[in-house]
S.K.: 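Provided herewith is a single structure, encoded as structure tokens, for subsequent inquiry.
Here is how names work: the chains are called A, B, and so on, in the same order as the sequence lines, proteins then strands, and each is numbered from 1. Bear in mind the structure is a predicted one, so any value in this text is a computation, not a measurement.
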Protein chains: 2
Amino acid sequence: MNYELLLKENNLKITPQRLGILQLMHEAGHISIEELFASIKKQFSSISLATLYKNINAMLETSLIKEVKAPDIKARYEISKTPHAHLVCHVCGEFKDIHFDIARVAHTIADDNGYTIDDTSLIVSGICPKCQ
Amino acid sequence: MNYELLLKENNLKITPQRLGILQLMHEAGHISIEELFASIKKQFSSISLATLYKNINAMLETSLIKEVKAPDIKARYEISKTPHAHLVCHVCGEFKDIHFDIARVAHTIADDNGYTIDDTSLIVSGICPKCQ
DNA sequence: TAGTTAAAAGATAATAATTTTCTTTTAAGT
DNA sequence: ACTTAAAAGAAAATTATTATCTTTTAACTA
């Protein structure tokens with residue numbers, strides 16, 4: 001995955017910190033601020049939490065990344081890809097991408113109401129087999 | 001709507017504050033903490049914000065109410081009803097219930113993965129006709 | 001390739017949101 | 001009415017997020 005291109009396409013300056021954030025986000029699939037901060041500090045020991053928040057916000061604004069929030073679970077961030085659903089265990093926190101095409105459904109809903117879609121989120125939250 | 005029964009069914013004590021919260025939530029359809037606090041103070045001028053949070057959390061735990069969070073918009077709370085989608089304008093904040101049956105889709109996803117469902121949320125976020 | 005500039009990083013302080021603690025009050029069951 | 005556990009209210013504490021300011025750096029240009 002070409003993170004430099006991703007940033008460039010979104011008119012964001014390429015910085016080592018941003019590349020590190022995107023790399024970690026990509027490896028994890030989806031990651032919370034806490035986890036991200038703990039991991040990124042291994043590469044940039046003096047990185048500021050403020051920097052992390054500012055970058056997350058900048059990348060959210062351009063939709064380069066996406067926030068996913070499920071009940072009982074801290075928000076997680078992921079690099080935007082084709083819309084998909086999330087299955088979340090609220091006991092152990094397991095977070096799974098589900099390749100279900102939510103775009104069709106979303107378009108039907110939005111069109112019926114004259115809306116333009118910017119984001120669609122389908123989150124199924126429950127208990128995974130291990131936690132039952 | 002019988003709020004006393006709702007509370008009783010969920011083993012929560014019936015208090016005037018809780019009845020007020022449920023009433024406002026029902027009238028609004030979905031409401032943020034801020035709005036709720038502003039409104040509930042008209043009835044209970046000395047109600048504490050801590051009380052509001054504690055009650056929201058208690059009612060969330062029993063699933064008597066549900067939290068709905070869309071990008072750029074503060075979390076909103078609603079009395080749990082049959083699962084439905086939400087359409088949100090992130091410009092003016094308009095929040096619309098959509099009577100689309102998301103349960104079927106959710107069950108398919110959950111069953112395929114051995115999950116038990118506790119909650120399903122489909123949020124389509126975009127720009128409403130007025131804000132375009 | 002150095003020079004310029006606007007943006008980003010980092011440090012810290014400030015603000016906002018949420019939770020905790022403690023005391024007083026009250027709902028609900030004898 | 002009496003008892004008890006839970007809820008309310010007030011205030012403080014904690015946590016999350018944002019803002020401010022100075023220093024550093026990416027990106028562009030001469």
S.K.: Please report, rounded to the nearest Å, how far the C1' atom of D:dA27 is from the CG atom of A:Leu7.
M.R.: 14 Å
S.K.: Can you find a side-chain donor-acceptor pair between B:His86 and B:Glu78 that sits under 3.5 Å?
M.R.: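 There is such a pair between these side chains.
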S.K.: Find the distance A:Asn10:CG to C:dA7:P and express it as a whole number of Å.
M.R.: 17 Å
S.K.: Please give, in whole Å, the distance from C:dA11 C1' to A:Lys41 NZ?
M.R.: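 To the nearest whole Å, that distance equals 14 Å.
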S.K.: What is the nucleic acid contact for A:Ile33, judged by heavy atoms within less than 4.0 Å: base, sugar-phosphate only, or nothing?
M.R.: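 A:Ile33: no heavy atom of the nucleic acid under 4.0 Å.
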S.K.: Is a donor-acceptor pair below 3.5 Å formed from side chain B:Lys54 to base D:dG9, judging by atom type as modelled?
M.R.: yes
S.K.: State, without any angle test, whether B:Tyr77 and B:Glu35 hold a side-chain donor-acceptor pair at a distance under 3.5 Å.
M.R.: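 There is no such pair between these side chains.
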S.K.: Whole-Å distance between C:dG10 C1' and A:Gln43 CD?
M.R.: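 Result: 17 Å.
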S.K.: Looking only at the side chain of A:Lys74 (C-beta and beyond, no hydrogens), which of the listed nucleotides D:dA16, D:dA6, C:dT19 gets closest?
M.R.: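 Nearest to the side-chain atoms of A:Lys74, counting from C-beta on, is D:dA16.
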S.K.: Quick check on D:dT25: is either OP1 or OP2 less than 4.0 Å from any side-chain nitrogen or oxygen of A:Gln17?
M.R.: no
S.K.: Taking CG from B:Leu60 and C1' from C:dT19, how many angstroms apart are they, rounded to a whole number?
M.R.: 14 Å
S.K.: If you only use heavy atoms from C-beta on, which nucleotide in C:dG10, D:dA27, D:dA19 is closest to the side chain of A:Ile14?
M.R.: D:dA27
S.K.: Among the nucleotides C:dA8, C:dT19, C:dA11, which one has an atom lying closest to any side-chain atom of A:Thr15?
M.R.: C:dA8
S.K.: If you count the non-hydrogen atoms of other residues, nucleotides and ligands that lie under 6.0 Å from NZ in B:Lys42, is the total more than 12?
M.R.: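 Not more than 12 within 6.0 Å, no.
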S.K.: Specify the separation, in whole Å, of atom CE of A:Met59 and atom C1' of C:dA8.
M.R.: 12 Å
S.K.: Start with the C-alpha gap between B:Lys74 and B:Ile33, add the side-chain angles, then the distance that decides, and say whether side-chain contact (heavy atoms from CB on, under 4.5 Å) holds.
M.R.: CA-CA 9 Å; B:Lys74 300 215 156 133; B:Ile33 293 274; over 6 Å; no
S.K.: Below 30° counts as parallel, above 60° as perpendicular, anything between as tilted: where do the rings of A:His30 and A:Phe95 land?
M.R.: tilted
S.K.: Just how far, in rounded Å, is C1' of C:dT12 from OH of A:Tyr53?
M.R.: 16 Å
S.K.: Taking OP1 and OP2 of C:dT19, is either one under 4.0 Å from a side-chain nitrogen or oxygen of B:Asn57?
M.R.: yes
S.K.: Nearest to the side chain of A:Pro16, heavy atoms from C-beta on, is which of C:dA9, D:dA26, D:dA10?
M.R.: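 Output: D:dA26.
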S.K.: With heavy atoms under 4.0 Å as the rule, sort B:Thr51 into base, sugar-phosphate or nothing.
M.R.: base
S.K.: Select one nucleotide: of D:dA8, D:dA27, D:dA16, the one nearest the side-chain heavy atoms of A:Lys13.
M.R.: D:dA27
S.K.: Check the distance between D:dT25's C1' and A:Phe44's CZ and give it to me in whole angstrom.
M.R.: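 The answer, rounded to whole Å, is 13 Å.
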S.K.: Considering just the side-chain nitrogens and oxygens of A:Asn55, establish if one lies under 4.0 Å of OP1 or OP2 belonging to C:dA9.
M.R.: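 For A:Asn55, the contact criterion (side-chain N or O under 4.0 Å from OP1 or OP2 of C:dA9) is met.
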S.K.: Reading DNA chain C from 5' onward, which residue's closest nucleotide shows up sooner: A:Leu12 or A:Ser48?
M.R.: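 Here A:Leu12 is the residue nearer the 5' end.
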